[in-house]
Amino acid sequence: MPTTRRIVDLLRHGQPDESVTIKGWVRTKREQKEFSFVEVNDGSSLAGLQVVVNQEVPGYAETIKRINTGASVEISGTLVESPAKGQRVELKAASIAVYGEADPETYPLQKKRHSFEFLRDIGHLRSRTNTLSAVFRVRNAASTAIHQFFQERGFLWVHTPIISASDCEGAGEMFTVTGFDLKKVPLTAEQGVDFSKDFFGKHAYLTVSGQLEAEIMAMAFSNVYTFGPTFRAENSNTSRHLAEFWMVEPEMAFCDLEGDMDLAEAFLKYIFKYVLETCPEDMEFFNQRIDNSVLATADNIINNEFARVTYTEAIALLEKASKTFEYPVEWGLDLQSEHERYLAEEHFKKPTIVTDYPAKIKAFYMRLNDDENTVRAMDILAPKIGEIIGGSQREERLDVLERRIQAQGLDLAEYWWYLDLRRYGTVPHAGFGLGFERLVQFLTGMSNIRDVIPFPRAPLDVEF
Ligand code: 4AD
Ligand code: MG
């Protein structure tokens, strides 16, 4: 049996007269009198391969009836130079095997453009469309770039747990993991749930971040990163929030906030460059069909330094803005997405790093500044998206950390191991978290986060 060739390889390097076999799904069929054109796509590239099927193919009339849009086929034949523009070669079929037909009366993907809302309802089929397949190729390239970036720099990839007993962000937005029979949940004397009788012997959750465990590993390996799913039970039905999303979290020992920001900036530049180089057709497609600033944005990221301002400076800029905001601007309040977008999109017109936020709106683990009022936090705000990265220098001083945990109403005893890291060989260290889906939105210009992950999980949304 001849080896199957990937369509992307044939489009790029295939030579006339080569005998090849392809396998894939029919995108379109155009029947002429004597022959038909069939476009086959195997997911390896945006463009499919055009196949010319003529009467010499055994069982022509019967076969051509069976291969409608959506059908799966194996086609062997010879590559020939293509007279059509935009493709070097096409395939002259010698034989066709149909694996599975697709009834044209019921197959939901028609040739016309479908809305992304409609495509979300057919999540099991939408990856066969141009846009979603381009998104998932870019997603794959960005993942590869992430590993390559860290591996080139000697970072160890560590696997942090998905089930956790601690709330890293202290925001209480966690999904419970339980082994209880929900009809007979044991109660304590105070009528609370008695988690000591649960599977793990205490209240367990799906993790919101791998950071605390990454800090443990950084205290042994110096530079580490995680790349895995994280979960948030915040009930936000927005185009930038998911209940399950992927996060990349580097953590570096012997590093301060400047080093953290420099790494984050180099990291984003690296990913954009890698994706442009490895997925040029897909990126061109996004620029043409989704958002005509995609390529300019990529160029801007790669070639310009990010803006850097403190939170206090950012508040002053927002107060001076001629724009009216829906949410109040006031020192001490968190920045809302409209504020973040104003800074990155309208004021600086490039990614903007905001540092030194008020301590009381940030997590307990961020290093307290000498003013005792602000912490060494940094958020990277992207045009159109807002916060894409959140990071900080960590509080490495035991006494300060204990105070901060208590000030936020958290239980010191729960963090015993985290505090131990400050007892034994503590060092200044820093890290950040990149929301991977927000990055893919940033790369592709896709406006809804549910369209950059194959199977989105969001409030009332867990099909597929
Ligand atoms: O800012 P966050 O909450 O930071 C942390 O979790 C830190 N522990 C990271 C660290 O320092 N190691 O989340 C990091 C990023 C955000 O900037 C955002 O891009 C993304 O994760 N994110 C979400 N993405 C999609 N859906 C959600 N519900 C998200 N919540 C946060
Ligand atoms: Mg954040």
Side-chain angles (χ1 to χ4, degrees), residues 166-171 209 211-212 214-216 218-219 222-223 249-266 305-320 328-336 339-340 343 347-348 351-381 387 389-412 414-433:
S166 47
D167 182 359
C168 170
E169 294 307 300
S209 159
Q211 177 195 325
L212 304 188
E215 284 188 54
I216 296 181
M219 294 303 122
S222 308
N223 292 332
E249 297 183 272
E251 191 68 37
M252 292 151 294
F254 311 103
C255 182
D256 61 10
L257 194 71
E258 271 65 40
D260 201 33
M261 290 191 282
D262 291 347
L263 186 89
E265 182 167 345
E305 280 183 12
F306 294 3
R308 297 185 185 195
V309 285
T310 64
Y311 167 89
T312 304
E313 289 161 350
I315 291 293
L317 288 173
L318 291 166
E319 281 170 346
K320 276 203 303 235
V329 172
E330 190 189 312
W331 202 99
L333 298 181
D334 208 355
L335 299 181
Q336 298 297 321
H339 307 135
E340 296 177 341
L343 292 169
H347 186 82
F348 291 107
T352 301
I353 313 185
V354 180
T355 62
D356 303 287
Y357 283 76
K360 61 176 195 314
I361 58 171
K362 287 291 187 188
F364 68 89
Y365 53 72
M366 299 189 180
R367 193 179 200 280
L368 195 63
N369 280 318
D370 292 342
D371 64 14
E372 297 261 326
N373 244 336
T374 57
V375 285
R376 295 249 74 192
M378 66 108 174
D379 277 3
I380 303 191
L381 315 179
E387 181 190 339
I389 280 181
S392 63
Q393 186 171 334
R394 319 306 188 189
E395 185 53 76
E396 85 284 14
R397 298 163 296 185
L398 179 64
D399 55 327
V400 185
L401 184 59
E402 285 177 334
R403 260 205 285 137
R404 296 266 292 138
I405 290 178
Q406 284 166 316
Q408 301 219 353
L410 301 168
D411 182 3
L412 264 189
E414 291 285 323
Y415 293 90
W416 67 271
W417 47 268
Y418 191 68
L419 292 164
D420 257 8
L421 300 177
R422 278 74 183 165
R423 286 191 185 97
Y424 308 121
T426 190
V427 295
H429 61 290
F432 63 80

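Bear in mind the structure is a predicted one, so any value in this text is a computation, not a measurement. Count residues from 1 along the sequence.
Side chains of Glu402 and Arg422 form no contact here, defined as non-hydrogen atoms less than 4.5 Å apart. The side-chain heavy atoms of Glu265 and Met261, taken from C-beta on, include no pair separated by under 4.5 Å. Two residues are said to be in side-chain contact when any heavy atoms from C-beta on lie closer than 4.5 Å; Val375 and Arg404 meet this criterion. Val329 is listed as a side-chain neighbour of Ile315, based on a closest heavy-atom distance under 4.5 Å.
Atoms CD1 and CZ, on Ile389 and Phe432 in that order, are 4.5 Å from each other to the nearest 0.5 Å. Going from atom CG of Leu419 over to atom CG of Asp399 covers 11.0 Å, rounded to the nearest 0.5 Å. Considering CG of Leu398 and OH of Tyr424, their distance stands at 10.0 Å, rounded to 0.5 Å. Remark: Arg423 CZ to Leu401 CG distance equals 9.5 Å, nearest 0.5 Å. Put simply, NE2 on His347 and NE2 on His339 are 15.0 Å apart, with the number rounded to the nearest 0.5 Å. To the nearest 0.5 Å, atom CG of residue Leu343 and atom CG of residue Leu318 are 4.5 Å apart.
For the residue pair Val354 and Ala314, the shortest heavy atom distance occurs at CG1-CB, 4.3 Å. Summarising the geometry of Gly332 relative to Ile361, their closest heavy-atom pair is O-CG2, 3.3 Å, with the distance given to 0.1 Å. The two residues Gln408 and Ala363 have their closest heavy-atom pair at NE2-C, 3.9 Å.
Taking the charged nitrogens against the carboxylate oxygens, Arg397 and Glu395 do have a contact shorter than 4.0 Å, which makes a salt bridge. Using a 4.0 Å cut-off between charged nitrogen and carboxylate oxygen, Arg376 and Glu396 do not count as a salt-bridge pair. Contact check on Arg308 versus Glu313 returns no salt bridge, with no Lys/Arg side-chain nitrogen under 4.0 Å from an Asp/Glu carboxylate oxygen. Using a cutoff of 4.0 Å between basic side-chain nitrogens and carboxylate oxygens, Asp260 and Arg394 are not scored as salt-bridged.
Separation of the Tyr365 and Tyr418 ring centroids does not fall under the 6.0 Å cut-off.
A donor-acceptor contact closer than 3.5 angstrom is absent between the side chains of Thr310 and Asp356. A donor and an acceptor atom, one from each side chain of Glu215 and Gln211, are located under 3.5 Å apart. Under 3.5 Å, the side chains of Glu414 and Ser166 contain no donor-acceptor pair of N or O atoms.
Other residues, nucleotides and ligands contribute only 12 or fewer heavy atoms inside 6.0 Å of the CD atom of Glu305.
Applying the side-chain hydrogen bond (donor to acceptor under 3.5 Å, both in side chains) test between Lys362 and each of Asp379, Thr374, Asp334 identifies Asp379 as the sole match.
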Under the side chain to side chain contact (heavy atoms under 4.5 Å, CB included) criterion, do Trp331 and Tyr311 qualify, and how do the steps go?
CA-CA 8 Å; Trp331 202 99; Tyr311 167 89; 3.7 Å; yes
